[in-house]
J.: 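I have a structure I would like to understand better, so I am pasting it below and will then ask my questions one at a time.
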Amino acid sequence: MLDGLDKQWIPLTTGVRAVTYSNLPPGSYRFLLKAANNDGVMSDEIASLGIKILPVWYKSWWAIILWIAIAITIVAYVTRTIWHRKMMVAKILMQKADFERQQQAEEMKVRFFVNLSHELRTPLTLMMLPVDELLSRNADPIVTNKLTTVKNNTLRILHIVNQLLDYRRAEMGMFKLKVRKVNINVLVKQIFNSYEAMARHKNINYTLDSTVQNPDMMLDRDYLELIVNNLLTNAFKYTPKGQSISVGLESDGQKLRITVSDTGCGIPTDKLDKIFTRFYQVNDTNSGNGIGLSLVKRLVELHHGEITVDSAIGRGTTFYVTLPTGAHAYSAEELNAGKEQSANNITVDNQPYIHIPEMSDPDDSDDKLSKSTDVAESHKATVMVVDDNSEILKYIGDSLAEKYNVLLAANGAKAIEFLSTEPIDLILTDVMMPDVDGVQLCRAVKRNLRTSHIPVIMLSAKSDISDQMEGLGVGADDYIPKPFSLDLLKAKIRNQLRTRARLIDMYSHSTEIEPSKVAMNPLDEEFLSKAIKVMNEHIDDSQFSTDAFAKEMCMSRSNLHLKMKALTGESTNDFIRRVRLNKAMELLKTSRYNVSEVSAMVGYSTPSYFTTSFKKHFGYSPSELVKKD
Ligand code: ADP
């Protein structure tokens, strides 16, 4: 019997002297043995043998302790890792939410400012216009001085407002790069010049130095204007009186480097990397908003260039802008956009970006345009002004009323209504209007044969250049960037009316009607070509009346009359006579026909009537012409 395993004695058969135990679990046992005699009587003496079965090593107590320790360690490690990861995720989520909240707050801030800027632009324009007008009328130097301060400060707010709107546009990708050939020397000189008054006023040694030999470069001029203007504005802002500011231009044929350098207050070295951050200002007490340089940086990047700065406190600051100038640096889209812009001939040459003008000279603020006698004002032309802002509408209306009959339309739909009932010589329309906007109005005007000859001038913010493109794309004759000066507005109206008058004048003095020279748009050109063709087909028909003519032209008699009058300054009858007499002149000049033959050939019933008409028209009789030749 094995004590610890067996419960009772195991009898062995006679002769067998062995027992076998296998797979004994580890532990202590005692092997007990009792012998029996031949009669089967058991002895009381028990022999015993202690047996100890040792466990395998990995089941030994120390191994088990080790296993438990390892297990605890693993569990602890896994738990810690999971916990740690969870904490990390929570932290990242919190940071993300925080970042998003910050972004949202910033977005809201910018959106608020942008909305405010939009709101501010109209009242600022309304302040600028009367001040401009008072300045141009007033001769008292004290009043002029005070008005100039008002004007300069208004311009200053406008500058900030525009900067913010430009920034927003650049950020939202609305500032599409439009690359085309630009004469960099001329452009930078123009911008440079617009700060000369301020330099004089602050007694600043102000210089421009260009070593560029081939100044025609592939660049976006609007971008360039904004970049240089912002850098110069800062230079003037942070450079005290009597110091220097210089602008430099260099090029290696591939890249243009613009340097704007000043000997002003400088920027601390540890702040240099932050100045391009939005809303960052080195010194909170500075006037400004911390947008200028971030806008510049964004624009430089969009122009595939780079900007660096070098500055030392008390010694001054130099900004280096490097831009590519070869076509290969730009995408096809950027190059095409530039081509389109050139085709539409949109330039802003005369509209330097408004810079901080608080120190400009009073005598320079007066940008009066030369006033010459008006050709078109022998009769009062009718100008229709369309704007949804009633104050602007009234102001422009009052200002134009002296010289023109003015029609005021509060929206595009009203303007279209007026077009069908009133004779209008020119339309001045805002672009942004609810429902029918300026672009739609212009399209409606230019696509209708009855109205296509009416010049359309669009009023729009300079930063809405895409609107202007759209406006000119639908046939607008000119645009005026907002905020506008009343003098510029009047001059542009006068120019448009004068161009029309000049065309009519040229038409009335020529012996040949050339539709392309008389008409200012394809629709009118087509109309005139058709009118000439119809007349030539009926030139020998003395019975061909204005009624028949109107029928052939698929128009009512009155509409034909109105259109003829607008395009040529003459009635339909005068037009018919002019075509007949021009033809007569041409035939007589060939010397192949006599007067009475020509008279019949151009549809005159009697030679005497022909002769009288001819003389009245050309100032000499047909026979005199024959003699002359
Ligand atoms: P701000 O409207 O404040 O001028 P900017 O973004 O144009 O905003 O400039 C950011 C900061 O960089 C300014 O607050 C100014 O401290 C510093 N700075 C920019 N240009 C110059 C300069 N030419 N000289 C000295 N400091 C400058």
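Reckoned from all heavy atoms, side chains included, excluding hydrogens, waters and symmetry mates. Counting starts at 1 for both ligands and their atoms, following the listed order.
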J.: Could you work out, for atom 5 (P) of ligand 1, the closest of Leu293, Thr263, Val260 by heavy-atom distance?
T.: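 Nearest heavy atom to atom 5 (P) of ligand 1 lies in Leu293.
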J.: Take every heavy atom of Cys265, measure it against each atom of ligand 1, and state whether any distance is under 4.0 Å.
T.: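 Under 4.0 Å: yes for Cys265.
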J.: When you check the gap from the basic side-chain N to the acidic O, do Arg101 and Asp98 get nearer than 4.0 Å?
T.: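 Yes, this pair counts.
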J.: Is the contact between Ile267 and ligand 1 made by the side chain, the backbone, both, or neither, using heavy atoms and a 4.0 Å cut-off?
T.: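 Side chain only.
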J.: Heavy-atom distances under 4.0 Å are what count here, so tell me which part of Asn230 touches ligand 1: side chain, backbone, both or neither.
T.: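 It is neither part, as no heavy atom is under 4.0 Å.
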J.: Quick test of your reading of the model: are Glu301 and Lys297 salt-bridged, counting only N-O distances below 4.0 Å?
T.: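 Salt bridge: yes.
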J.: Does Phe276 come within less than 4.0 angstrom of ligand 1, counting non-hydrogen atoms of the residue?
T.: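 Checking ligand 1 against Phe276, which is what was asked, there is no heavy-atom contact under 4.0 Å.
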J.: Applying salt bridge (Lys or Arg N to Asp or Glu O under 4.0 Å), which residue pairs with at least one partner in residues 240-267 are found, sequence neighbours left out?
T.: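 Of all non-adjacent pairs touching residues 240-267, those that pass salt bridge (Lys or Arg N to Asp or Glu O under 4.0 Å) are Glu250-Arg257.
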J.: Between Tyr206 and Tyr195 (judged by ring centroids, cut-off 6.0 Å), do the two rings come close enough to count as a pair?
T.: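 Tyr206 vs Tyr195: aromatic centres not under 6.0 Å.
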J.: Nearest to atom 20 (N) of ligand 1 by heavy atom, Ile313, Leu232, Thr318, Asn234: which?
T.: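 Nearest heavy atom to atom 20 (N) of ligand 1 lies in Asn234.
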J.: CG/Asp437 to SG/Cys442 distance, rounded to the nearest 0.5 angstrom?
T.: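 Nearest 0.5 Å value for the CG-SG distance: 10.0 Å.
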J.: N/O to N/O below 3.5 Å, does that happen between Lys237 and ligand 1?
T.: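 Yes - when backbone and side-chain N and O of Lys237 are compared with those of ligand 1, one distance drops under 3.5 Å.
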J.: By number and element, which atoms of ligand 1 are closer than 4.0 Å to a non-hydrogen atom of Gly292?
T.: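 Per the distance check, 5 (P), 6 (O), 7 (O).
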J.: Quick check on side chain to side chain contact (heavy atoms under 4.5 Å, CB included): which of Thr429, Leu489, Leu426 does Ile457 satisfy it with?
T.: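 The residue from Thr429, Leu489, Leu426 that satisfies side chain to side chain contact (heavy atoms under 4.5 Å, CB included) with Ile457 turns out to be Leu426.
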J.: Which bit of Ser311 gets closer than 4.0 Å to ligand 1, counting heavy atoms only: side chain, backbone, both or neither?
T.: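 Under 4.0 Å from ligand 1, Ser311 contributes no heavy atoms.
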J.: Could you check whether Lys446 pairs with Asp477 (Lys NZ or Arg NE/NH1/NH2 to Asp/Glu carboxylate O, under 4.0 Å)?
T.: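 Result for this pair is yes, salt bridge flagged.
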J.: Which of the atoms of ligand 1 are close to Phe319, meaning less than 4.0 Å from one of its heavy atoms?
T.: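 Those atoms are 20 (N), 23 (N).
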